Amino acid sequence: MFKNKVYGETQIIQIEKVETLVLNYNNKRENNYSKSQSYWDKKKRSLKKSALFKNYISEKVFPPNYFKIMNRECKFKNEPDYKVILKENSDYFYLKCKFRGYLYNNFYDWARPDQIDSFKEFSEKVENPVYFAFGLGGCPNDPDNAFLCPLEKVKCKLKLKELEPWRIQCLEDVSRIIC
């Protein structure tokens, strides 16, 4: 919590997540504070892209007639988004979805080492595999490239050639990777 004195009054601003905070004092008479619009605009765009890519993965990559996708209530950011159940034999695995519009310095840069460690701990705890659905380029709801990579093969930064064996273009590619 932060306290601000404004015209003799104390205003308390509660921050749920500790991030870079920029306060703009809009109108002295109204004592109106707001967080920087650019941060929230960026966050909204990011969440929208994430939702579009997750929708693409759940509908196109894992069709409902072969897979049952269950949303997970993630307690932490570094946990899978879905539990995916194969309808054929009831086997299941966990899935985390990540979309990037472009490569950053020729790498698919998506995680820090501690985040990958968290996924490894999760996989050991639940005793089931974790896969990552990576989207690259194009639109999140129809990416130019899609990859399905097992946890054992991921790194924080991946070159495109490292992702190539995990490219998915059809249901057979998905079956080849998860079976």
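All values derive from a computational prediction rather than experimental measurement. These numbers come from the heavy atoms of this one structure, side chains and all, not from hydrogens, waters or symmetry mates.
With hydrogens and angles ignored, the 3.5 Å screen pairs no side-chain donor or acceptor of Asn55 with any backbone N or O of Ala51. With hydrogens and angles disregarded, a donor-acceptor distance shorter than 3.5 Å links the side chain of Asp144 to the backbone of Gly138. Side-chain atoms of Trp110 come within 3.5 Å of backbone atoms of Lys155 as a donor-acceptor pair (strictly under, hydrogens ignored). Side-chain N or O atoms of Lys87 include one that pairs as donor or acceptor with a backbone N or O of Pro64 at under 3.5 Å. Side chain of Asn105 to main chain of Phe107: no donor-acceptor pair is present (N/O by atom type, distance under 3.5 Å, no hydrogens or angles). Judged purely by atom type and a 3.5 angstrom limit, Glu124 has no side-chain atom pairing as donor or acceptor with the backbone of Glu121.
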What do the steps show when you test Leu148 against Val61 for side-chain contact (heavy atoms from CB on, under 4.5 Å), and what is the final call? CA-CA 10 Å; Leu148 184 62; Val61 175; 5.5 Å; no
Under the criterion side-chain contact (heavy atoms from CB on, under 4.5 Å), I'd like the reasoning laid out for Ile85 against Met70: C-alpha separation, chi angles, the key distance, then a yes or no. CA-CA 8 Å; Ile85 303 169; Met70 298 175 64; 3.4 Å; yes
Determine whether Leu52 and Cys139 satisfy the following criterion, side-chain contact (heavy atoms from CB on, under 4.5 Å), listing intermediate values before the conclusion. CA-CA 9 Å; Leu52 288 170; Cys139 300; over 6 Å; no
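Taken from CG in Asp117 to CZ in Arg112, the straight-line distance is 11.0 Å, to the nearest 0.5 Å. Put simply, CZ on Arg45 and OG on Ser50 are 14.5 Å apart, with the number rounded to the nearest 0.5 Å. To the nearest 0.5 Å, atom CG of residue Asn141 and atom CD1 of residue Ile57 are 11.5 Å apart. Ser46 contributes atom OG, which lies 12.5 Å from atom CG of Asp41 (distance to the nearest 0.5 angstrom). Atoms NZ and CG, from Lys157 and Leu103 in turn, are 12.5 Å apart once rounded to the nearest 0.5 Å. Taking NZ of Lys96 as the start and CD of Glu79 as the end, the distance is 8.5 Å to the nearest 0.5 Å.
Arg167 has a carboxylate O that lies under 4.0 Å from a charged side-chain N of Glu164, or vice versa, which qualifies the two as a salt bridge. Ionic pairing of Asp81 and Lys54 is present here: one or more N-O contacts between side-chain nitrogen and carboxylate oxygen are shorter than 4.0 angstrom.
Linking Ile, Leu, Val, Met, Phe, Trp and Tyr whenever their side-chain heavy atoms come within less than 4.5 Å puts Ile69 and Val174 in one cluster. Leu151 and Tyr108 fall within a single hydrophobic cluster, where Ile, Leu, Val, Met, Phe, Trp and Tyr are joined by side-chain heavy atoms under 4.5 Å apart, directly or via other members. There is no path of hydrophobic side-chain contacts, each under 4.5 Å, that joins Tyr104 to Leu158. Follow the hydrophobic side-chain contacts under 4.5 Å out from Leu86 and you reach Leu171 in the same cluster.
Residues Asn78 and Ser118 approach most closely at CB-CB, 3.6 Å, considering heavy atoms. For Phe53 against Ala133, the heavy-atom pair with the smallest separation is CE2-O, 3.4 Å. Closest of all the heavy-atom pairs between Cys156 and Ala111 is CB-O, 3.1 Å.
Using a 4.5 Å heavy-atom cutoff, the side chains of Val130 and Leu95 are not in contact. With contacts defined as side-chain heavy-atom distances shorter than 4.5 Å, the pair Cys149/Val154 qualifies. Within the 4.5 Å cutoff, side-chain heavy atoms of Ile177 are placed close to those of Trp166. Counting only heavy atoms from C-beta outward, the side chains of Leu136 and Pro143 never approach each other to under 4.5 Å.
For Tyr94 and Phe122, the distance between ring centers is under 6.0 angstrom. In this structure, Phe134 has its ring center no closer than 6.0 Å to that of Phe147.
Between Tyr131 and Phe93, the ring planes are perpendicular. Angles over 60° get that label, and only those under 30° would be called parallel.
For Phe119, the ring-ring contact (aromatic ring centres under 6.0 Å, His included) test picks out Phe132, with sequence neighbours left out.
A cation-pi arrangement is present between Lys83 and Tyr92, with the terminal nitrogen or guanidinium carbon under 6.0 Å from the aromatic centre and inside a 45° cone about the axis.
When only modelled atom types and interatomic distance are considered, Asp142 and Tyr56 share no side-chain donor-acceptor pair under 3.5 Å.
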